[in-house]
Amino acid sequence: MPIRPLSALTALLHVYIALRLVPALATLTPAWPLALVLLAVSALTIPLPFVSRRIASNASMGEVLKWVGLISMGWFSSMFVLTLLRDAGLLLAWLAGALGLVQVRWNALLPWSALAVLAMATGTSLIGFINARRTAGVKRVEVPIRGLPAALEGFTIAQLSDIHVGPTIRSAYIQRIVDAVNRLGADAIAITGDLVDGTVPELREHIAPLAGLRARHGTFVVTGNHEYYAGAHAWIDELRRLGLKVLLNEHVVLQTRNVRGAQTDEELFESALVLAGVTDFTAGHFDAAHASDPHLALFDAPPLVHTRVLLAHQPRSATVAAAAGYQLQLSGHTHGGQFFPWNLFVPMQQPFTAGLHRLHDMWIYVSRGTGYWGPPKRFGAPSEITLLTLVPARP
């Protein structure tokens, strides 16, 4: 949507919030003009991230404008949804009163519910900002694999997802993530898409710390939908230049046992792991040659290597992946909803929101993301660096 119609729409939504809340607040507190000021500031600053280049006198000022606008966007988002929920609650209260089920004290319900909306939106935005800007914590997950070879027991994969390097996530934020991952000493590192929100020239210096990631078998990346918005081909080249291994509907075989120590070919292959990666579920809309294909990613894979892990940005790849014979799929994309109440709507678009799930004979783990998208705000869906450990399934 063009900027002017979008700005007009958000301005109208701010007017709706003001009409629904401010009169009620005016009956409760003399400080009610503060709510009006906050709404005016929000309406004026939300467009700033989209026009900062045109109005800022220098790069530093442009960065400040982006920060202000994105923080306002997060606050307004909660204000709007909570106002809708308040109105729905008031309608139910009116119906209950009309039916004689309850006696509604409107002189108390209206102002205090308006104050609750303002307090909840502001409180969750402040807490959400702190949650978003801290370095993601490590979440340890054991994945029980049926028939897991002894050589693969305890194999670890550190998963990063949905970092969204861009307006408010820069090199220092990335360096903290890299340091935290390197301390884990994982066997492999997987980055499951939506790494960037911008072009290579804009973000090259900020993505650079990822070259410092260290794992026994290396770092593997698959594309997310945001890579295609930002120019996927250029980003694939840049990530490979940094030493990361981008998997485009293809796989690698990770050998966990010293070749000289294997007695037979079967023993050698059973101690290996196939790590495959597919392009984003929607990649074919941007480039037909990049259409996501979990079956193609296994082309020419050694049949004796039975342990197969797939990196796929969106959980929606899981149905085809399970049919293709993978034991585990690692995904992201959902952010776990990022902040309430959007986490309630994710299941409408994705089969899984966060955590470890079972689909037929395959496990799927969905990361809540290591960064955030848009507003620097996480509430009820903390960011994570995931350390997955393969363990034998119990009989």
State whether the number of non-hydrogen atoms from other residues, nucleotides or ligands found under 6.0 Å of R105 atom CZ is greater than 12. no
Residue from Q314, H290, H285 passing side-chain hydrogen bond (donor to acceptor under 3.5 Å, both in side chains) with D280: Q314
Do L311 and V141 belong together in a cluster built from hydrophobic side chains that touch within less than 4.5 Å? yes
Give a yes or no on whether V274 and V278 share a hydrophobic cluster (residues Ile, Leu, Val, Met, Phe, Trp, Tyr; joining criterion: side-chain heavy atoms under 4.5 Å apart). yes
Measure across R368 and P382 and return the closest heavy-atom pair with its distance rounded to 0.1 Å. NE-O, 2.7 Å
Quick one, L109 with V104, criterion side-chain contact (heavy atoms from CB on, under 4.5 Å). Give me CA distance, side-chain angles, the key distance, then yes/no. CA-CA 8 Å; L109 180 60; V104 182; 3.8 Å; yes
Looking at OG1 of T319 and CD of Q329, how far apart are the two atoms once the value is rounded to the nearest 0.5 Å? 9.0 Å
Check: T192 side chain, H313 main-chain N or O, donor-acceptor pair, under 3.5 Å: no
G332 and P315 have their tightest heavy-atom pair at O-CD, 3.5 Å
Just by modelled atom types, is the P144 backbone N or O under 3.5 Å from a matching donor or acceptor in the W363 side chain? yes
Looking at S161, is its backbone amide N or carbonyl O close enough to the side chain of T370 to form a donor-acceptor pair, meaning the two atoms are under 3.5 Å apart? yes
More than 12 heavy atoms of other groups within 6.0 Å of W106 CH2: yes
Can you measure from OG1 (T156) to CZ (R216) and round to the nearest 0.5 angstrom? 9.5 Å
For R146, does the CZ atom have more than 12 heavy-atom neighbours from other residues, nucleotides or ligands under 6.0 Å away? no
For residues R133 and Y372, determine if any side-chain heavy atom of one lies less than 4.5 Å from a side-chain heavy atom of the other. yes
Could you state the interatomic distance from CD1 (I163) to CG (L210), rounded to the nearest 0.5 Å? 6.0 Å
Closest non-hydrogen contact found for A35 with L118 is CB-CD2, 4.1 Å
Flag the pair V138 / L184 as yes when at least one side-chain heavy-atom distance between them is below 4.5 Å, and no otherwise. yes
Any chain of hydrophobic side-chain contacts (each under 4.5 Å) joining F155 to Y326? no
Please determine whether residues I157 and I191 belong to a single hydrophobic cluster, defined as Ile, Leu, Val, Met, Phe, Trp and Tyr linked transitively by side-chain heavy-atom distances below 4.5 Å. no
Side-chain (E153) to main-chain (P392) donor-acceptor, under 3.5 angstrom: no
Side chains of F352 and S331, heavy atoms from C-beta outward: is any pair under 4.5 Å? no
Does some side-chain heavy atom of Q327 sit less than 4.5 Å from a side-chain heavy atom of L148? no
Nearest 0.5 Å, please: how far is CG in L356 from OH in Y365? 8.0 Å
Mind listing the closest non-hydrogen atom pair of L239 and L195 along with its distance? CD2-CD2, 3.7 Å
Quick one, W373 and D197 - any side-chain contact, counting heavy atoms below 4.5 Å? yes
Side chain proximity check, S171 to P209, heavy atoms < 4.5 angstrom: yes
Please answer: with hydrophobic residues joined when any side-chain heavy atoms are less than 4.5 Å apart, are V320 and V222 in the same cluster? no
Does T282 reach the side chain of Y228, with side-chain heavy atoms less than 4.5 Å apart? no
Neighbour count above 12 (heavy atom, 6.0 Å) for Y16 OH: yes
Working to the nearest 0.5 Å, report the span between CH2 of W112 and OG1 of T27. 10.0 Å
State, with a plain yes or no, whether a side-chain heavy atom of L310 is found less than 4.5 Å away from one of M362. no
Going by atom types only, do H335 and D194 share a side-chain donor-acceptor pair under 3.5 Å? no
Okay, side chain of T122, backbone of A119: is any donor-acceptor separation there less than 3.5 Å? no
Expected output: side-chain R86 to main-chain A116 donor-acceptor under 3.5 Å: no
side-chain contact (heavy atoms from CB on, under 4.5 Å) between L84 and V81, intermediate numbers included: CA-CA 5 Å; L84 286 178; V81 174; 5.5 Å; no
Heavy-atom pair with the smallest gap, counting every atom of T256 and H217: CG2-NE2, 4.4 Å
Does S42 use its side chain to pair, donor to acceptor, with the backbone of L38 at less than 3.5 Å? no
Provide the closest heavy-atom pair for D293 versus N249 in the form atom of the first, atom of the second, distance. N-OD1, 3.0 Å
Treating N131 as the side-chain partner and R378 as the backbone partner, does any N or O pair qualify as donor plus acceptor under 3.5 Å? yes
Side chain to side chain contact (heavy atoms under 4.5 Å, CB included) partner of L39, chosen from V15, L34, L13, I17: I17
Working for side-chain contact (heavy atoms from CB on, under 4.5 Å), residues V252 and K245: CA-CA 10 Å; V252 293; K245 301 167 187 176; 5.7 Å; no
Residues N182, L213; criterion side-chain contact (heavy atoms from CB on, under 4.5 Å); working and verdict: CA-CA 6 Å; N182 286 345; L213 286 169; 4.2 Å; yes
Which one of I385, I189, V181, L388 satisfies the side chain to side chain contact (heavy atoms under 4.5 Å, CB included) criterion with Q159? L388
Exam field: side chain K377 to backbone G74, donor-acceptor pair closer than 3.5 Å: yes
Rounded distance (nearest 0.5 Å) linking atom CG of L110 with atom CZ of R20: 8.0 Å
Judged by atom type as modelled, is there a donor-acceptor pair below 3.5 Å linking the side chain of S72 to the main-chain atoms of V68? yes
Heavy-atom count check: over 12 atoms from other residues, nucleotides or ligands less than 6.0 Å from R140 CZ? no
